Amino acid sequence: MTEQTAIIHDIGYRHYEGPRLGRGSAALALAVHSLRGVFGLGRTTRSKIIPFLLVAIMLLPVVVSIAVMALLKQSAMGYPSYAVTMQAVLAIFLAAQSPYLVAPDLRFRVLPLYLSRPVTVLDYVGAKLAAMTVALFLLLAVPLTVLYAGELLVDLPGPPHTRDYIASMVCALLAAVLLASIGLALASFTPRRGLGVASVIAFYLFTSAVSAVFFGVLLSVGRDAAAKWALLVNPFFLIDSVQVALFGTEPSNGEGYPAGPWPALILVAVIALALTGLIMRYRKAASS
Amino acid sequence: MTILATEGLTKRFPRVTALDRLTVTAGTGVTGLVGANGAGKSTLIKILLGLLPPTSGRAEVLGMDAATHGAEIRRVVGYMPEHECLPPDVSATEFVVHMAQMSGLPRTAARERAADILRHVGLHEERYRPIGGYSTGMRQRVKLAQALVHDPRLVFLDEPTNGLDPQGRDDMLALIRRIGTEFGISVLVTSHLLGELERVCDHVIVIDGGALLRSSAIGEFTQATQAIAVEVEEGLEPLAARLAELGEAVAVQGRVLTVQVRSEDTFDAVRDAVCDLDLNLVRLEQRRGRIEDVFREPAA
């Protein structure tokens with residue numbers, strides 16, 4: 001006869017005696033949760049398709065470029081022009097994924113649950129913004145870094161383009177902040193995800209069309225200086241103009257941008273405007 | 001021990017006064033907050049959570065001022081809102097783990113607590129499926145689980161039985177009772193149905209139009225409403241008339257006469273009236289008082 005060694009007890013309700021972390025770690029948890037969500041991690045397979053497809057498209061020119069470097073021993077694509085070249089892909093990513101971060105919480109009214117916890121409205125907005133910024137930065141920084149690693153491995157004649165690489169990485173961060181704040185601000189105004197996608201993509205199409213039309217018209221009437229200002233309406237050219245001003249890289253549009261500190265100031269002003277709109281939107285949503 | 005207290009609490013919105021000089025206290029255990037829709041129940045909860053500043057007056061939760069210590073209160077208090085608040089595309093487990101982290105629990109602890117609490121509220125295998133496919137009863141359980149996952153000292157449940165079928169309602173009420181007793185978490189539960197709350201509450205607060213109507217222990221409610229049901233073969237009307245003459249509060253409900261018990265004399269009066277009128281008494285029983293009766297107008 002064997003002795004009974006294990007018994008299952010119904011231990012009932014147990015209280016939690018462990019640590020309770022502060023607002024900061026709650027906000028960090030929200031940011032990580034949101035960042036995973038942007039790439040569809042921890043969600044259905046269907047929601048992974050679009051983000052990873054776009055990541056693959058972003059990597060495509062890099063792969064081609066490395067192949068060209070390896071086979072023809074000449075550099076193919078420059079770092080500074082990468083963001084401008086891939087602007088349509090970035091815009092689609094922003095339009096497709098930024099509504100995911102904000103719309104469901106408004107539509108399914110999860111926001112009151114967040115606010116019934118120690119986090120504040122500003123923590124919430126900050127976490128969402130950080131998640132989108134990091135996602136966009138990764139989308140730009142990973143291909144750029146792969147390209148740089150490729151360049152170092154292929155070992156082209158002449159020194160590596162380290163300065164260009166650093167310039168493009170800094171501007172990738174600026175672009176991520178700018179695009180994330182614009183995308184979230186636009187998407188947060190509607191609880192409907194589809195409308196959010198449409199409004200972000202409409203914003204991109206509108207700004208790029210306006211900047212192209214004005215640039216063309218002003219150039220044809222001989223007002224070259226004004227034409228260069230018109231380019232800055234497109235957020236991607238705005239970032240490029242800041243890159244030119246900060247690092248003296250080649251302008252990606254071939255024409256150049258207005259000189260001086262103005263592009264940088266406009267960039268800061270646009271980010272501030274978008275953030276103000278975003279915060280005001282959530283102040284209102286929180287009080288209702 | 002007092003878990004929450006308000007003093008002259010007033011909240012005015014541009015067009016309505018939601019709370020009007022409300023002064024109440026509640027102790028540990030299960031407290032019911034009763035009022036019609038629009039009586040100010042949800043507004044009171046938002047003020048107690050420190051999410052809405054009061055126009056005037058004070059509110060204290062677990063000894064902390066709601067207007068200045070909102071974040072500290074929200075760390076140790078749970079909240080289950082009245083409205084739908086669940087994202088459809090994540091599983092209950094994932095959602096509750098996330099909400100535990102949002103209350104400051106480290107990730108491993110959040111996982112353990114979420115598994116524990118989902119079992120306590122009665123969600124089993126289905127907790128791994130997306131919430132979008134859940135029934136109303138299951139959704140209410142998830143809402144309750146997210147309010148309890150961080151082991152709060154006090155939990156606010158706003159209309160937890162809304163939309164549930166009778167069985168679901170009973171289960172939810174039994175669960176609320178367990179939270180207050182077995183779990184040792186104080187509960188403030190709102191409802192517009194008085195009858196529901198008397199089954200689970202130790203104390204009931206009734207508000208109407210943002211003002212206090214009544215606040216007392218559940219025993220006092222049912223005591224005040226002691227009534228007896230009298231049934232006779234024929235001659236219910238003469239009996240009712242005789243008792244009314246003697247100053248008793250009587251109401252005819254179908255074939256049964258309900259008599260409010262004022263004192264011991266009421267029983268004698270009923271006995272004497274039945275004898276005097278020479279009626280055949282079929283039934284004489286004590287009716288269990290219900291909170292509703294306090295507010296119900298006696299039938300004319």
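Lettering of chains follows the sequences in order, A, B, ..., and the numbering in each one begins at 1. Given the structure is predicted, the values throughout are model-derived calculations rather than measurements.
Heavy atoms of other residues, nucleotides or ligands lying less than 6.0 angstrom from CZ of A:Arg107 number 12 at most. Open room surrounds CZ on B:Arg21; 12 or fewer heavy atoms of other groups in view lie less than 6.0 Å from it. Counted within 6.0 Å of CZ on A:Phe206, heavy atoms from surrounding residues, nucleotides or ligands total 12 or fewer; the atom is thus considered open. By the 6.0 Å contact criterion, NZ on B:Lys46 is open, its count of non-hydrogen atoms from other residues, nucleotides or ligands being 12 or less. Residue A:Ile201 qualifies as enclosed at atom CD1: its count of foreign heavy atoms under 6.0 Å is above 12.
Of all heavy-atom pairs between A:Val110 and B:Leu86, the closest is CG2-C, 4.4 Å.
Interface residue B:Val149: only side-chain heavy atoms are found under 4.5 Å from chain A. The part of A:Arg43 that comes within reach of chain B is its side chain, from C-beta onward, which places non-hydrogen atoms under 4.5 angstrom from that chain. For B:Gln146, the parts lying near chain A are the backbone and the side chain together; criterion is any non-hydrogen pair under 4.5 Å. In this structure, no portion of B:Lys143 lies under 4.5 Å from any heavy atom of chain A. Using a 4.5 Å cut-off between heavy atoms, A:Tyr100 contacts chain B through its side chain alone, with no backbone atom that close. Using a 4.5 Å cut-off between heavy atoms, B:Leu148 touches chain A through its backbone atoms (N, CA, C, O) alone. Contacts between B:Ile73 and chain A at a heavy-atom distance below 4.5 Å are absent for every atom of the residue.
Of the inter-residue distances, the one linking B:Ser103 atom OG with A:Leu21 atom CG reads 11.0 Å to the nearest 0.5 angstrom. Note: A:His15 NE2 to B:Arg113 CZ = 8.5 Å, rounded to the nearest 0.5 Å. Atom CZ of residue A:Phe108 and atom CG of residue B:Asp89 lie 7.5 Å apart, to the nearest 0.5 angstrom.
Legend: residues meeting side-chain hydrogen bond (donor to acceptor under 3.5 Å, both in side chains) with A:Thr190, ordered by chain and number and at least two apart, are absent.
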Are B:His98 and A:Leu30 close enough, and set up right, to give a side chain to side chain contact (heavy atoms under 4.5 Å, CB included), and what steps lead you there? CA-CA 8 Å; B:His98 177 54; A:Leu30 178 60; 3.8 Å; yes

For A:Tyr13 and B:Asp151, what are the C-alpha separation, side-chain angles and deciding distance, and is it a side chain to side chain contact (heavy atoms under 4.5 Å, CB included)? CA-CA 10 Å; A:Tyr13 184 79; B:Asp151 189 29; 2.7 Å; yes

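Considering only heavy atoms from C-beta on, B:Gln101 stays 4.5 Å or farther from A:His33 through its side chain. Using a 4.5 Å heavy-atom threshold, the side chains of A:Leu113 and B:Phe95 count as touching.
Top candidate by heavy-atom pairs under 4.5 Å with chain A, chosen from B:Leu49, B:Ile117, B:Val90, B:Asp116, is B:Asp116. The greatest number of non-hydrogen atom pairs below 4.5 Å with chain B, out of A:Ser25, A:Pro19, A:Gly37, is found for A:Pro19. Between chain A and the options B:Gly104, B:Gly70, B:Ala71, the largest number of non-hydrogen pairs under 4.5 Å is found for B:Gly104. Of the residues considered (A:Ser116, A:Ala29, A:Ala26), A:Ser116 shows the highest number of contacts with chain B, using heavy-atom pairs under 4.5 Å. Chain A forms more heavy-atom pairs under 4.5 Å with one residue of B:Gly50, B:Ala147, B:Pro88 than with any other, namely B:Pro88.
At least one donor-acceptor pair closer than 3.5 Å links the side chain of B:Arg74 to the backbone N or O of A:Leu115. At distances below 3.5 Å, at least one donor-acceptor pair connects side-chain atoms of A:Arg117 with backbone N or O atoms of B:Met99.
By a heavy-atom distance cut of under 4.5 Å, B:Arg75, B:Tyr79, B:Pro81, B:His83, B:Glu84 are the residues of residues 75-84 of chain B near chain A, going up by number.
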